[in-house]
Amino acid sequence: MAKKNLNEMSFLDHLEELRWVLVRSTTAILIMACGTYFFSSFLFDSIIFGPTRPSFFTYRFFCDLQQQLGFADSICITELPFIIQNTQMEGQVNMFVWMCLLAGFILSFPYILFEIWKFISPALYEKEKKGAKFFISISSFLFFLGVLFGYFVIIPMSVNFVATFTVSDMVKNQFTLESYIGLVKTSVLAGGLFFELPIIIYFLTKLGLVTPEFLRKYWKYAVVIILIVAAIVTPPDVVSQTVVAIPMLVIYEVSILISKIVTRNQKKQNG
């Protein structure tokens with residue numbers, strides 16, 4: 001059966017098309033998740049629990065950077081005084097499944113974008129349809145960049161902070177597996193989605209819901225929020241906070257620039 005034209009599709013037809021988009025995207029995630037099962041030892045031992053070791057790349061990088069800049073070596077980590085324990089009978093099984101699904105979602109993200117593009121493309125102009133490869137490539141690149149930012153910056157800085165913070169020497173840190181996995185999931189997904197901000201702003205500007213003036217007006221509030229987030233997830237030193245804050249500020253500035261370009265192009269087309 002030939003695919004219907006957008007103008008010929010009813011509301012139920014759109015729902016049916018959306019349902020198949022969700023079905024195909026979910027299938028891709030499950031296939032990738034099953035694939036990660038064969039690499040589960042590497043996934044958990046080397047990747048997920050990597051930031052719990054003092055030898056992790058980020059800790060060594062910041063230690064070397066601090067020493068080269070002549071700062072105190074307080075950030076050079078020799079130990080992370082905590083253990084991770086499982087407190088529920090099905091805890092490890094649940095976390096295993098969730099992390100495989102998360103890995104499946106990350107790996108299948110370009111395909112999910114492709115499905116989304118196919119769904120919305122009938123509503124686009126012919127010139128805009130030709131940008132499919134560019135859209136999927138840039139969006140995937142930004143997402144993976146955000147995931148890496150979350151993994152190599154947010155997670156180790158957060159782990160270092162909570163592991164070394166103590167109200168008393170009488171209190172020993174014993175984190176649950178669920179809380180640690182929650183930190184990993186939140187950090188990588190939040191990083192990936194935040195780095196999609198330029199793409200989101202592009203479409204919101206195209207729809208007239210956002211303007212560069214609006215983004216510039218609330219720039220100072222965005223800076224404050226970003227600095228607060230950086231201060232929360234990093235140790236109390238300037239270098240760590242700067243490394244976290246700068247990429248987030250750059251992403252926000254790029255979003256403003258994209259909004260300006262879209263607005264200017266729309267004015268040329270209408271004028």
Side-chain angles (χ1 to χ4, degrees), residues 3 9 12-52 84 86 88-124 129 131-156 158 176-204 251:
K3 187 176 179 181
M9 293 176 67
L12 291 179
D13 290 329
H14 282 294
L15 287 181
E16 178 68 11
E17 187 67 22
L18 178 60
R19 183 175 75 88
W20 280 108
V21 169
L22 295 176
V23 168
R24 289 191 294 267
S25 298
T26 302
T27 301
I29 293 173
L30 292 176
I31 291 174
M32 288 297 183
C34 291
T36 60
Y37 170 80
F38 299 100
F39 306 95
S40 58
S41 296
F42 174 77
L43 175 65
F44 280 87
D45 294 337
S46 300
I47 298 181
I48 295 176
F49 293 115
T52 65
I84 298 175
N86 178 46
Q88 300 177 3
M89 291 185 62
E90 71 283 5
Q92 295 198 54
V93 176
N94 289 341
M95 294 304 103
F96 178 84
V97 172
W98 277 113
M99 292 313 293
C100 285
L101 288 174
L102 175 63
F105 172 77
I106 293 173
L107 293 174
S108 60
F109 189 76
Y111 177 77
I112 295 173
L113 286 176
F114 172 70
E115 286 292 337
I116 294 174
W117 181 266
K118 282 202 308 181
F119 180 72
I120 66 174
S121 61
L124 302 176
K129 291 180 182 179
K133 292 182 179 179
F134 180 77
F135 165 77
I136 294 172
S137 300
I138 294 298
S139 298
S140 299
F141 172 76
L142 289 174
F143 178 78
F144 290 136
L145 190 63
V147 168
L148 292 176
F149 177 75
Y151 178 72
F152 283 106
V153 179
I154 302 298
I155 293 176
S158 299
T176 65
L177 176 64
E178 183 179 6
S179 65
Y180 178 76
I181 294 298
L183 170 66
V184 173
K185 288 191 298 183
T186 302
S187 298
V188 296
L189 284 179
L193 294 178
F194 181 80
F195 273 58
E196 289 292 294
L197 184 62
I199 304 299
I200 295 172
I201 292 299
Y202 170 82
F203 283 104
L204 291 179
I251 289 294

Could you tell me whether the side chain of [Y] reaches within less than 4.5 Å of the side chain of [X], counting heavy atoms only?
X: V184; Y: M99; answer: yes
X: P51; Y: Y151; answer: yes
X: L183; Y: I154; answer: no
X: L189; Y: V147; answer: no

Closest approach of [X] to [Y] (non-hydrogen atoms, all atoms of both residues):
X: P110; Y: I136; answer: O-CG2, 3.9 Å
X: I155; Y: S187; answer: CG1-CB, 3.4 Å
X: S137; Y: K133; answer: OG-O, 2.7 Å
X: F39; Y: G35; answer: CD1-O, 3.4 Å
X: I106; Y: F144; answer: O-CE2, 3.2 Å

Treating [X] as the side-chain partner and [Y] as the backbone partner, does any N or O pair qualify as donor plus acceptor under 3.5 Å?
X: Y180; Y: I48; result: yes
X: S40; Y: Y37; result: yes
X: S108; Y: Y111; result: no
X: T36; Y: A33; result: yes

Q92 atom CD: more than 12 heavy-atom contacts under 6.0 Å: no
More than 12 non-hydrogen atoms from neighbouring residues, nucleotides or ligands closer than 6.0 Å to CZ on F114, yes or no?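 No, not enclosed.
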Where at least one partner belongs to residues 88-108, residue pairs that pass salt bridge (charged side-chain N to carboxylate O under 4.0 Å, His left out), sequence neighbours excluded: none
How would you list all residue pairs meeting salt bridge (charged side-chain N to carboxylate O under 4.0 Å, His left out) that involve residues 105-116, not counting sequence neighbours?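 Checked against salt bridge (charged side-chain N to carboxylate O under 4.0 Å, His left out) - neighbours excluded - the pairs reaching residues 105-116 are R24-E115, E115-K118.
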[atom1]-[atom2] distance between [X] and [Y], expressed to the nearest 0.5 angstrom:
X: E17; Y: L15; atom1: CD; atom2: CG; value: 11.0 Å
X: I199; Y: L193; atom1: CD1; atom2: CG; value: 12.5 Å
X: I181; Y: F49; atom1: CD1; atom2: CZ; value: 5.0 Å
X: I31; Y: T26; atom1: CD1; atom2: OG1; value: 11.0 Å
X: C100; Y: I29; atom1: SG; atom2: CD1; value: 13.0 Å
X: W20; Y: S25; atom1: CH2; atom2: OG; value: 12.5 Å

Yes or no on side chain to side chain contact (heavy atoms under 4.5 Å, CB included) for L197 and L142, after CA distance, side-chain angles and deciding distance? CA-CA 9 Å; L197 184 62; L142 289 174; over 6 Å; no
Only counting residues at least two apart or in another chain, list the ones meeting ring pair (Phe, Tyr, Trp, His ring centres under 6.0 Å) with F96. F44
F105 and F109 aromatic ring geometry - parallel, tilted or perpendicular at 30°/60° bounds: perpendicular
